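Being a predicted model, the structure only gives us computed values, none of them experimental.
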Amino acid sequence: MPKELIEYIARSLVDDPDEVLVTETPGEQAAVIELKVAKEDLGKVIGKQGRTARAMRTLLSAARAGAGKRLVLEILE
């Protein structure tokens, strides 16, 4: 569910939604969600002063409420 949420948000923000790639790597204490977008769309996903990225991380923390694990969002270049 969190992976699909991040993918939906990212695809809505970027100019090239086909380049959006989201992977989830489960760990013992936390799951890492990696978001990769086209180089020219990177600024749109991060937002001014990181506001968009911070908002996505906030949504992830709300989505994990039932999961019990910590979710970490990493935006890759």
Side chain to side chain contact (heavy atoms under 4.5 Å, CB included) between V45 and I75, worked out
CA-CA 8 Å; V45 172; I75 301 172; 4.0 Å; yes
Any side-chain heavy-atom pair of V37 and K44 under 4.5 Å:
no
Under a 3.5 Å distance rule, please check whether K36 uses its side chain to pair with a backbone N or O of V22 as donor and acceptor.
no
Please check if the side chain of R54 supplies one atom and the backbone of I46 the other of a donor-acceptor pair under 3.5 Å.
no
Can you tell if the side chain of L60 reaches within under 4.5 Å of the side chain of I6, non-hydrogen atoms only?
yes
Residues T58 and S61: closest non-hydrogen pair is O-OG, 2.7 Å
Does the side chain to side chain contact (heavy atoms under 4.5 Å, CB included) test come out yes or no for T52 and L13, once each step is laid out?
CA-CA 10 Å; T52 305; L13 292 171; 3.6 Å; yes
Between D41 and D16, is there a donor-acceptor pair closer than 3.5 Å when you use the side chain of the first and the backbone of the second?
yes
Residue among L71, L73, L5 satisfying side-chain contact (heavy atoms from CB on, under 4.5 Å) with L59:
L5
Q29 side, atom CD; R70 side, atom CZ - distance, nearest 0.5 Å
8.5 Å
Step by step, work out the side chain to side chain contact (heavy atoms under 4.5 Å, CB included) result for E24 and V32.
CA-CA 6 Å; E24 185 173 357; V32 177; over 6 Å; no
Using the salt bridge (charged side-chain N to carboxylate O under 4.0 Å, His left out) criterion, which residues pair with R11? Sequence neighbours excluded.
E7
Could you tell me the separation between the OG1 atom of T25 and the CD atom of E74, rounded to the nearest 0.5 Å?
8.5 Å
Those residues at least two apart in sequence (or on a different chain) that pass salt bridge (charged side-chain N to carboxylate O under 4.0 Å, His left out) with D18 are none
Not counting sequence neighbours, which residues clear side chain to side chain donor-acceptor pair (under 3.5 Å) with E28? List them please.
none
